[in-house]
Amino acid sequence: MIVDFFLVHKVLIFLINVISVYLFCIIYFNNTKSNISRIFIVMIVLMLFWVDFAFLARVTSDQSSLSMFFLKIAWFVTPIFFLSLYFFTIYLIKESHKYRFLSVAVFLAGTIISILTGLTSLILNNVRHNVNGLEIIYGQGMFLFLISIFFIICSTLYPLIKKYSRISAKKKIKIGYFLIGIFIFYFANIVFNIIFPLFFNVFHLYYFGDYSIIILLIFTTYAITKHELMGIKTLITQTLIVIISIILLVDVFLLSDDIVIQLSKVGVLVTFLYFSRELIKSVKKEKEIVKELKSAYRKINHYIKRLEKGNKNLEKSNQRFKELLEMKNEFLHITSHQLRTPLTAIRGMLSMWYKGDFENLPEKEKKKMIKRILVSADRLNNITNDMLDTMELEGMSLKFKFKSVSIARIIKETIDTLKPNFDKKNIYIKLKINTKVSDAEVEPNYIRQVFMNIIDNACKYTKKGGVSINIEKDDKYIKVIVKDTGAGISKVDQIKIFDKFTRGENAISENASGSGLGLFIAKRIIKEHKGKIKMESEGIGKGSTVKIYLRISNN
Ligand code: ADP
């Protein structure tokens with residue numbers, strides 16, 4: 001049974017040593033500059049001291065003073081190993097700055113207990129050889145040792161678990177392996193090194209607590225290789241180098257009688273190590289070049305995206321520019337036509353007057369002719385005003401200053417201004433306000449212009465009856481409904497009535513001086529107010545209704 005145990009010990013010790021050398025080489029050749037790599041290397045060295053000297057103490061258990069010496073070294077190193085594991089952890093999770101006080105406390109606890117263990121017999125009193133091998137006689141201060149280790153364990157787990165609970169799923173896998181390794185290591189340590197020997201007097205399983213470190217190493221290795229805990233990518237190269245180095249090293253230790261052969265063995269090893277170093281350097285360089293290329297690629301991609309975006313904007317501006325140009329041409333074309341008609345009429349009549357063609361006409365006809373000149377001049381005036389408004393709206397040079405105003409008040413004022421026109425035509429104008437408050441969020445000057453146009457149209461296109469205006473309100477809007485008993489509009493005309501320079505079929509006979517811009521302007525202004533405007537009519541001769549919806553004020 002004992003022999004079996006020894007065999008297991010030997011195999012485990014061998015495995016631990018090989019894995020440690022392997023890990024040492026990987027980290028040493030790769031990433032020695034970062035804090036975490038340095039600590040990992042220290043950890044490996046400390047762990048080897050601990051495990052190997054504990055093994056030596058067991059092997060020499062029949063020579064108590066030598067065994068005690070080895071055991072003291074192992075125990076001296078143990079708290080320092082726990083200490084290094086703590087620092088490895090907080091550097092791994094990148095939170096060393098957060099736990100400054102805890103780090104000082106852990107450092108003090110670890111070093112003090114380590115010195116006490118190594119230099120006094122307070123913790124390790126003596127060793128005895130019995131049938132199971134080595135038996136340890138603990139000193140009075142053993143509990144101090146246990147408390148210190150327990151404190152360091154808790155201080156390591158606390159930041160690690162806290163961080164683990166807060167990180168992304170991807171990073172969780174990486175730190176997860178390390179966490180599992182650390183848990184198994186701590187658990188085995190507490191069971192085999194503390195509970196079994198202290199409470200059940202079972203010493204022969206003691207070393208399995210120490211050997212559980214191999215599990216921590218395996219998990220950390222897995223985390224390093226599979227999930228690039230330290231950014232290692234040149235693993236295959238290094239694995240081969242390490243294996244060959246171990247073989248060459250073993251070969252060197254298999255001493256040969258021939259000095260030349262022995263020297264050449266050493267020479268081969270040294271040369272191999274030198275070239276390996278160069279190889280790893282070149283692999284690292286290659287890795288850096290790839291990294292640089294990747295970042296350059298990312299940058300180029302970024303610029304391409306920006307260029308594409310800029311191009312799109314340019315295309316959009318170009319499109320808008322084309323639209324504006326088209327609009328300008330269309331505008332010039334229509335306006336020249338619109339202006340030419342009344343101007344030609346004015347010019348024709350004035351030239352007749354100048355030539356004396358009016359002189360022979362009776363007084364009544366003369367007046368008729370002058371009235372026609374006035375109507376054409378009026379039309380010219382209306383068109384010019386409307387065109388100026390349209391140009392302003394198209395160019396968006398207007399700045400709307402919205403404020404809460406009473407729509408009822410604006411309409412009353414508009415009616416007052418237009419009342420003489422209604423009286424002249426002998427038609428009625430009625431106003432009904434079905435709401436107490438009619439405040440809406442508007443630009444008063446423009447809204448006044450809209451109502452002026454709509455009510456004036458209602459007057460212009462009505463011969464009999466009159467116009468009734470209702471002001472209502474719902475959750476969102478103040479509604480102004482202008483209903484007349486006038487000319488009405490055909491269904492076909494209703495579709496295009498809000499377009500630029502569009503006049504209805506019977507509009508010209510009803511009112512010659514219109515520009516066909518009034519409703520277009522009104523619609524643009526209402527749109528700027530995020531309101532609605534529509535025109536309804538049952539048909540020609542059946543009157544029309546204009547509905548305007550304006551957003552209610554919030555206050
Ligand atoms: P204008 O009145 O100067 O012709 P508008 O843009 O104000 O231009 O109106 C466009 C057309 O809509 C008018 O020519 C007319 O045919 C029709 N219209 C507007 N209001 C009324 C109304 N109350 N009754 C009948 N037709 C109307």
Side-chain angles (χ1 to χ4, degrees), residues 330-331 334-335 337-343 345 374-394 411 414-415 417-419 421-422 424-425 427-431 446-470 479-528 532-548:
E330 181 203 26
F331 199 77
I334 298 173
T335 45
H337 173 77
Q338 291 274 335
L339 292 173
R340 203 179 294 134
T341 318
L343 259 179
L374 272 176
V375 166
S376 289
D378 265 357
R379 183 161 181 215
L380 217 52
N381 189 36
N382 284 347
I383 293 171
T384 327
N385 284 340
D386 283 354
M387 264 166 32
L388 284 176
D389 286 344
T390 311
M391 252 146 67
E392 239 182 359
L393 281 164
E394 298 272 73
I411 289 179
T414 312
I415 292 174
T417 317
L418 293 173
K419 188 79 174 56
N421 295 358
F422 282 84
K424 233 186 264 171
K425 290 184 86 172
I427 53 173
Y428 65 81
I429 168 95
K430 287 191 281 195
L431 173 65
Y446 283 102
I447 279 300
R448 200 182 297 277
Q449 193 181 336
V450 171
F451 290 132
M452 191 68 98
N453 182 274
I454 301 298
I455 299 168
D456 187 42
N457 272 354
C459 175
K460 273 191 317 195
Y461 298 109
T462 305
K463 279 183 182 152
K464 268 198 287 179
V467 178
S468 44
I469 303 171
N470 274 1
K479 299 181 191 171
V480 180
I481 298 146
V482 182
K483 192 175 164 59
D484 65 57
T485 56
I489 316 168
S490 70
K491 295 280 174 203
V492 182
D493 283 348
Q494 276 175 42
I495 305 167
K496 48 185 184 171
I497 216 75
F498 289 98
D499 292 351
K500 232 182 295 170
F501 299 112
T502 307
R503 305 202 69 200
E505 205 183 282
N506 59 345
I508 301 150
S509 58
E510 296 270 337
N511 186 311
S513 68
S515 68
L517 284 171
L519 286 184
F520 169 76
I521 296 170
K523 180 142 191 172
R524 279 300 305 263
I525 293 173
I526 297 293
K527 198 175 152 202
E528 290 300 322
K532 291 186 233 176
I533 180 165
K534 45 188 173 182
M535 179 129 190
E536 290 162 7
S537 171
E538 290 295 309
I540 293 187
K542 293 183 177 162
S544 334
T545 306
V546 179
K547 293 180 178 170
I548 297 167

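Everything numeric here is computed off the predicted structure, so don't read it as measured data. Indexing begins at 1, ligand by ligand and atom by atom, following the structure's order.
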Nearest-0.5 Å distance, CD1 of residue I411 to CG of residue L431: 7.0 Å
Check: D484 side chain, G543 main-chain N or O, donor-acceptor pair, under 3.5 Å: no
Whether G486 lies under 4.0 Å from ligand 1, heavy atom: no
Part of N453 within contact of ligand 1 (heavy atoms, under 4.0 Å): side chain
Any N/O pair L519/ligand 1 closer than 3.5 Å: yes
Min side-chain heavy-atom separation I455-I429 under 4.5 Å: yes
T417 side, atom OG1; R448 side, atom CZ - distance, nearest 0.5 Å: 8.0 Å
Contact atoms of ligand 1, heavy-atom distance to A458 under 4.0 Å: 23 (N)
Main-chain N/O of K464 paired to T462 side chain as donor or acceptor, under 3.5 Å: no
Atoms of ligand 1, numbered as shown, that sit under 4.0 Å from any heavy atom of T502: 10 (C), 11 (C)
Side chain, backbone, both or neither: the part of T462 lying under 4.0 Å from ligand 1 by heavy atom: neither
Under 3.5 Å: N/O of R503 near N/O of ligand 1: yes
Contact (N/O only, under 3.5 Å) between G516 and ligand 1: yes
K425 (side chain) donor-acceptor with K460 (main chain) under 3.5 angstrom: yes
Polar side-chain atom of K527 near backbone of A522 as donor-acceptor pair, under 3.5 Å: no
N/O donor-acceptor pair under 3.5 Å between T485 side chain and G466 backbone: yes
Atoms in ligand 1 flagged as close to L517, the criterion being non-hydrogen separation under 4.0 Å: 6 (O), 8 (O)
Ligand 1 N/O within reach of F520 N/O, cut-off under 3.5 Å: no
Nitrogen or oxygen atoms of G504 and ligand 1 under 3.5 Å apart: yes
Per-atom contacts of ligand 1 with I497, taking only distances under 4.0 Å to non-hydrogen atoms: 11 (C), 12 (O), 17 (C)
